[in-house]
Amino acid sequence: MPELPEVETTVRGLERVLLGKHIARVEMRRGDLRRAFPPDLGQRLTGAKVTGMGRRGKYGLIETDRGDTLVFHLGMSGKWRVDPGELHPHDHLLIETGDGRRLTLNDPRRFGSVDLVATEEVDSWGPIGKLGTEPTEIGSGMLHELLRGRTAPIKALLLDQRIVAGLGNIYACEALHRAHIDPRRAAGRLSRERVARLVEAIREVIAEAIEAGGSTLRDYARPDGELGYFSARFSVYDREGQPCACGGRVRRIVQGGRSTFYCPRCQH
DNA sequence: AGATATTCCTGGAGGC
DNA sequence: TGCCTCCAGGAATATC
């Protein structure tokens with residue numbers, strides 16, 4: 001389930017293979033993901049040189065010297081495979097570099113997307129233009145202001161990409177646990193101090209996940225050739241019924257159709 | 001406008 | 001073993 005840390009790790013992995021390299025060949029195998037692939041994706045990428053790599057929220061960015069940026073989203077099952085041996089059924093896009101490396105975008109559930117956007121328009125481009133602040137850049141005063149008057153549970157608003165960009169279900173749960181905040185609490189009723197604690201927790205959880213992902217990345221050229229995803233020991237996520245560090249028991253509830261895991265003993 | 005529900009899709013888990 | 005149902009998730013869209 002790629003959230004910000006997994007996308008960041010993916011981008012760093014792709015950077016080693018792509019940055020400064022020419023794209024020799026592009027093969028669109030199945031283009032009907034969330035959106036159809038741009039029909040001219042192949043011709044606009046073929047022969048181009050990759051001049052930069054980046055990330056915004058959960059979107060990965062591959063910038064070329066033609067003024068285009070490939071914007072990808074991994075949805076929930078997407079991943080890039082580096083030098084895959086043979087192609088798999090869900091390898092929807094294949095990119096070959098001038099020095100013979102191969103990359104495939106694999107996404108069984110096809111919730112992901114691939115778009116080609118003029119580089120100078122990326123920041124204002126539809127989905128990215130609507131995104132809120134990066135977790136690393138948001139201040140507690142700013143978040144407190146954004147949450148003011150909101151009656152929805154804090155958990156639901158942490159998943160709203162227009163407020164903070166990049167959190168998904170896992171890290172929203174983990175951050176709330178670390179900040180000792182009850183996920184059901186109305187977002188607008190959190191004190192300034194608790195919002196500050198939440199911001200700190202979000203930053204820590206994200207940073208640790210990226211660090212752990214980076215260490216997995218060191219051996220990303222494993223036999224299966226896949227980029228390694230962060231698989232940490234979560235404190236609460238997917239741990240229903242198991243003990244919390246405080247001695248409580250992790251509970252699962254449903255909010256907005258999504259599972260929330262939290263500890264009733266230490267989250268208030 | 002804000003909150004909530006529904007939709008897309010496939011693989012894996014669990015039930016019988 | 002095999003078949004069935006259900007569930008996971010992000011983001012767009014619909015509905016209250």
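Sequence lines set the chain letters: A, B, ... in the order given, protein chains first and strands last, and positions in each chain run from 1.
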Arg258(A) vs Pro153(A), nearer the 5' end of DNA chain B by closest nucleotide: Pro153(A)
Length of the line joining Leu159(A):CG and dA3(B):C1', which is rounded to integer Å: 14 Å
Side chain to side chain donor-acceptor pair (under 3.5 Å) partner of Asn169(A), chosen from Lys155(A), Gln255(A), Arg258(A): Lys155(A)
Closest to side chain of Arg109(A), choosing from dA11(C), dA3(B), dT10(B): dT10(B)
Among dA12(C), dA3(B), dG10(C), the nucleotide that comes nearest once only the side chain of Arg150(A) is considered: dA3(B)
Sub-4.5 Å side-chain heavy-atom contact between Leu94(A) and Val26(A): no
Nearest listed nucleotide, side chain of Pro108(A), among dG11(B), dT4(B), dC9(B): dG11(B)
Heavy-atom donor-acceptor pair, Glu3(A) side chain to Ile170(A) backbone, under 3.5 Å: yes
Under 4.0 angstrom between Arg110(A) side-chain N/O and dT10(B) OP1 or OP2: yes
Phosphate-side-chain proximity, Ser259(A) and dA8(C), N/O vs OP1/OP2 below 4.0 Å: yes
Minimum-distance nucleotide (side-chain atoms of Arg252(A) versus dA11(C), dA8(C), dT10(B)): dA8(C)
Options dA11(C), dC9(B), dG11(B), nucleotide nearest the side-chain atoms of Tyr59(A): dA11(C)
Note: Asp160(A)-Arg162(A) ion pair, threshold 4.0 Å (strictly below): yes
SB check Glu134(A) Arg55(A) (cutoff 4.0 Å): yes
d(CD1, Ile253(A); P, dT4(B)) in whole Å: 12 Å
Flag, side chain of Ser77(A) to backbone of Arg109(A), donor-acceptor distance under 3.5 Å: yes
Atom-pair distance (CZ on Arg56(A); C1' on dA11(C)), nearest Å: 16 Å
Nearest-angstrom distance from the residue atom CZ of Phe111(A) to P of dA11(C): 11 Å
Side-chain-base donor-acceptor pair under 3.5 Å for Arg34(A) and dG10(C): yes
Integer-rounded Å distance: dC7(C) P and Ile170(A) CD1: 19 Å
His88(A) NE2 - dT10(B) P separation (whole Å): 18 Å
Phosphate-side-chain proximity, His90(A) and dC9(B), N/O vs OP1/OP2 below 4.0 Å: no
Trace of the side-chain contact (heavy atoms from CB on, under 4.5 Å) decision for Val71(A) with Trp125(A): CA-CA 10 Å; Val71(A) 182; Trp125(A) 172 72; 3.8 Å; yes
Between C1' of dT4(B) and CD of Gln255(A), the distance in whole Å: 12 Å
dA3(B) OP1/OP2 closer than 4.0 Å to side-chain N/O of Thr151(A): yes
Nearest-angstrom distance from the residue atom CG of Leu33(A) to P of dA11(C): 15 Å
Shortest non-hydrogen separation from Cys244(A) to Cys266(A) and the atoms involved: SG-SG, 3.7 Å
First of Gly257(A) and Lys130(A) reached from the 5' end of DNA chain C, by closest nucleotide: Gly257(A)
dA11(C) OP1/OP2 closer than 4.0 Å to side-chain N/O of His73(A): yes
Rounded (10°) bend between the five-pair end axes of the helix from dG2(B)-dC16(C) to dC16(B)-dG2(C): 50°
